[in-house]
Undergrad: 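Supplied in structure tokens, the structure appears directly below.
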Number of protein chains: 2
Amino acid sequence: MNLKTLSEHLKLSQTTVSRALNGYPEVSEKTRMRVQQAAQELNYSPNARAKGLATGRAQTIGHVIPVSTQHEMVNPVFGDFIAGAGSAYAAAGFEMMISLVDDKSQEKLYRDICARRNVDGIIVHGPTMDDPRIALLSELNMPFVVHGRASNIDLPYSWLDTNNSRAFQRATEFLLDLGHTRIALMNGLEFMDYANRRRLAYEGALTGRGIALDGDLMCSKEMTEIKGFLSASAMLKLESPPTAFLTSSMITAIGVRRAIHDAGLTLGKDVSVITHDDDLGYLKNGHDVPIFTATRSSVREAGIRAGEILLRLIRDPSAGPIHEIIEAELIIGASTGPAPRRQNA
Amino acid sequence: MNLKTLSEHLKLSQTTVSRALNGYPEVSEKTRMRVQQAAQELNYSPNARAKGLATGRAQTIGHVIPVSTQHEMVNPVFGDFIAGAGSAYAAAGFEMMISLVDDKSQEKLYRDICARRNVDGIIVHGPTMDDPRIALLSELNMPFVVHGRASNIDLPYSWLDTNNSRAFQRATEFLLDLGHTRIALMNGLEFMDYANRRRLAYEGALTGRGIALDGDLMCSKEMTEIKGFLSASAMLKLESPPTAFLTSSMITAIGVRRAIHDAGLTLGKDVSVITHDDDLGYLKNGHDVPIFTATRSSVREAGIRAGEILLRLIRDPSAGPIHEIIEAELIIGASTGPAPRRQNA
DNA sequence: GAAGCCATTCAAAGCGCTTTGAGGAAAATG
DNA sequence: CATTTTCCTCAAAGCGCTTTGAATGGCTTC
């Protein structure tokens, strides 16, 4: 069923049918009703490619997911972010197109996507400190919104980010207030911008209280259960082990918890853990009492907001750049407690 | 940059340029080189919508992700599956389009997608026992591959599935061999086909050894950490608690582990746990020794295979229906051990 | 040198839609 | 009744590509 057969069937011109379906005023209400009903019955939906070609709009948003070849891992946050963004697109009648790309072919892929014109805008995932994609997309004149920020870039661009600095500062201070001084940071990979911000905030909070940084208590790894477990296990074996951990994700925290158990220690008593919690659908942090004390910021919500911002930018390119920062809440769970008194005190 | 300007720039017709770029033989090698070089330099990529309109092929695969409104959760397996499928598409020059849909509007969405013709094929996720989508897509004449199967449907259709029955039968028998008789099943929601298969296999293995089923030891919930924790905690408080758990996902297993710890018991000694492991990138089951004994089947691999099957079906619709079953390996980890002797024996 | 043949290249039609600029019929006005 | 206005409808052009069928030119061959 295409426009031609539909209009022939209705004994109307293609113009009239098109106008009727797209809500133009030059069509009588009676005709419009008739057309709409016929479209419904015959299950007519305009061919998206033809429509896109005619209008110059693809009604599609692109997401480029970096799939690193070295660490073969899809960010677990991805699904929830997509779900959020997708709901924003659906509400606006947009589709979502996903491309996977390994680090090497990034630039080529972005150029291709823009040249092929099958998206009207792009969400940039996982920005690094001086992410080259921002300059590239600006140059290519493609609307985009960054989920996160790129510290070392001072071009104007639109972004939406969690206040990672504030979250990690608060988390560190929360532990400091409980008397902890040996606080470990289990960070994500630090070429990622957010991980860098988190470390700086952690360092700032410590030095702000006159506590020297200790490289042994800081690590920067992929945020998996295993890495959390291994790093925490190693740290707990130090001569002067940490009494608290600050982790970058729930999954890492679960690994840390396992390390604590395996070391014969008790979570929330011998060792405290505070984590960042992306509030993922399949990894909720407890039911009544949160399992982990956490800085919580819903990544699904971030997806919705990012999607909405991009849609606005597409509608009105002069609206940008738009910045939005999401504050994380600090929620108190069962995984933190006062620093244990030194055994040899 | 479009074909017209490129051909004018080259002082060639659009036909010749198009042919040169698409590898037709009616073009001299010299011209082809010249055209390709110019395309490269000027960063020309054909407009995907126009190309699609002209060829009738969208070069795009659709994935419809059910986002249940009741249990607001994106399947954690999704990201890895997509990554697998995406790599298959990329290799074939296909794009991936994702649509989210709540249960209610399923049929409408599928009909729309087909009518709009912006995908050449569809991957069906999360089939239920008598999934109506299979009949629908068959009727709409759209190539599709189901990730999983629908037990109660006997239309011919292409699918790719893990051998859930075999996996759960082996897992149950493994526990039985270790002397366990009180074996709990922490299943996924049983309107999902795979969950049903798993339960049947578990039941079959138990009754095969003359062990009566006990409803108290079976639950069917969303596969989250919390649900795993709550269900396991409740079961461990039973008068005659289970000595082993069979869980449907790593995440559930992590919840079960927490319940076991909280009950003051030791994993792999007092209580055994065996889980199904989708081998997710961010949730690897241990480094040297697996944390959990598990039936492992890579969901990323499933994505690759499903994508390849669908591409084949699109190329040659007469090739189907294609069926592929993936056997899970049983890997032995630290979470299982012989059944503890009865305390009151 | 004419005829025939490849090897190249081209102009034009068509994919299914939107949108412009114009036309026709009915209603309102003089 | 003729003219204007209003409303509705239409034919045709164009979006950027592929593909058909025809044309061109340089070679051979007799």
Side-chain angles (χ1 to χ4, degrees), chain A residues 1-36 38-39 42-60 93-95 111-120 315, chain B residues 1-36 38-39 42-60 93-95 112-120:
Chain A
M1 176 60 49
N2 59 18
L3 185 60
K4 191 170 169 211
T5 48
L6 178 62
S7 57
E8 278 166 2
H9 175 261
L10 283 163
K11 302 212 193 313
L12 287 173
S13 75
Q14 299 191 31
T15 313
T16 307
V17 176
S18 172
R19 299 220 126 130
L21 293 173
N22 290 314
Y24 282 76
E26 304 92 332
V27 163
S28 73
E29 257 339 282
K30 208 175 67 189
T31 323
R32 189 190 306 283
M33 294 310 279
R34 198 162 71 91
V35 171
Q36 277 174 345
L42 298 170
N43 217 274
Y44 169 77
S45 253
N47 180 309
R49 291 194 298 274
K51 185 164 187 164
L53 185 56
T55 58
R57 276 167 273 120
Q59 296 281 102
T60 302
F94 274 65
E95 302 286 343
R111 283 191 185 280
D112 278 4
I113 286 179
C114 294
R116 301 163 68 187
R117 308 246 68 117
N118 48 8
V119 301
D120 299 322
R315 244 176 274 127
Chain B
M1 176 58 50
N2 57 21
L3 185 60
K4 191 170 171 210
T5 49
L6 177 63
S7 56
E8 279 166 2
H9 175 261
L10 282 163
K11 303 213 193 310
L12 286 173
S13 74
Q14 299 191 29
T15 312
T16 307
V17 177
S18 171
R19 298 222 126 128
L21 292 173
N22 290 313
Y24 282 76
E26 303 91 332
V27 162
S28 74
E29 255 343 278
K30 209 176 64 190
T31 327
R32 190 191 304 284
M33 293 311 276
R34 196 162 70 92
V35 171
Q36 277 173 345
L42 298 170
N43 216 273
Y44 169 78
S45 252
N47 180 309
R49 290 194 299 274
K51 184 163 187 163
L53 186 57
T55 57
R57 276 168 273 119
Q59 296 282 102
T60 303
F94 273 65
E95 304 286 342
D112 278 4
I113 287 179
C114 294
R116 301 162 69 189
R117 309 244 66 114
N118 49 7
V119 302
D120 299 323

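Residue numbering restarts at 1 for every chain, and letters A, B, ... go by the order of the sequence lines. For the numbers below, each heavy atom of this structure counts, side chains included, while hydrogens, waters and symmetry mates do not.
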Undergrad: Indicate the atoms forming the closest heavy-atom contact of B:Gly93 with B:Gln59, along with that distance.
TA: O-NE2, 3.4 Å
Undergrad: How would you give the extent of chain A contacts on DNA chain D, as first and last nucleotide 5' to 3' within a 4.0 Å heavy-atom cut-off?
TA: D:dC8 to D:dG16
Undergrad: Specify the residue among A:Ala54 and A:Ser13 whose closest nucleotide of DNA chain D lies further upstream toward the 5′ end.
TA: A:Ser13
Undergrad: The criterion is salt bridge (charged side-chain N to carboxylate O under 4.0 Å, His left out); which residues satisfy it with A:Arg116, sequence neighbours excluded?
TA: B:Glu95
Undergrad: Tell me which of A:Arg19 and B:Thr31 sits closer to the 5' end of DNA chain C, going by the nucleotide each one is nearest to.
TA: B:Thr31
Undergrad: What's B:Arg117 touching, base or sugar-phosphate or nothing? Going by heavy atoms closer than 4.0 Å.
TA: nothing
Undergrad: Would you please test B:Val119 and B:Ile113 for side-chain contact (heavy atoms from CB on, under 4.5 Å) and show each step?
TA: CA-CA 7 Å; B:Val119 302; B:Ile113 287 179; 3.6 Å; yes
Undergrad: What does B:Thr15 touch in the nucleic acid at a heavy-atom separation under 4.0 angstrom: a base, only the sugar-phosphate, or nothing?
TA: base
Undergrad: Quick one: side chain to side chain donor-acceptor pair (under 3.5 Å) partners of A:Ser7, sequence neighbours excluded?
TA: none
Undergrad: If each of A:Asn47 and B:Thr16 is mapped to the nucleotide of DNA chain C with the nearest heavy atom, which maps nearer the 5' terminus, i.e. the 5' end?
TA: B:Thr16
Undergrad: In chain order, what residues pass the salt bridge (charged side-chain N to carboxylate O under 4.0 Å, His left out) check against B:Arg117, with sequence neighbours excluded?
TA: none
Undergrad: So if I take the C1' atoms of five pairs at each end of the helix from C:dG1-D:dC30 to C:dG30-D:dC1 and get each local axis, what angle do the two axes make, rounded to 10 degrees?
TA: 60°
Undergrad: Remember a base hit wins even if backbone is also touched, and classify B:Ser18 as base, sugar-phosphate or nothing at under 4.0 Å, heavy atoms.
TA: base
Undergrad: In whole angstroms, how far is the P atom of C:dA22 from the CD atom of A:Glu26?
TA: 15 Å
Undergrad: Going by heavy atoms in the side chains, are A:Tyr44 and A:Val17 under 4.5 Å from each other?
TA: no
Undergrad: If we check side-chain contact (heavy atoms from CB on, under 4.5 Å) with B:Leu10, which of these qualifies: B:Thr5, B:Thr16, B:Leu42, B:Val35?
TA: B:Val35
Undergrad: Could you work out, with side chain to side chain donor-acceptor pair (under 3.5 Å) as the rule, every residue matching B:Ser28, not counting sequence neighbours?
TA: B:Thr31
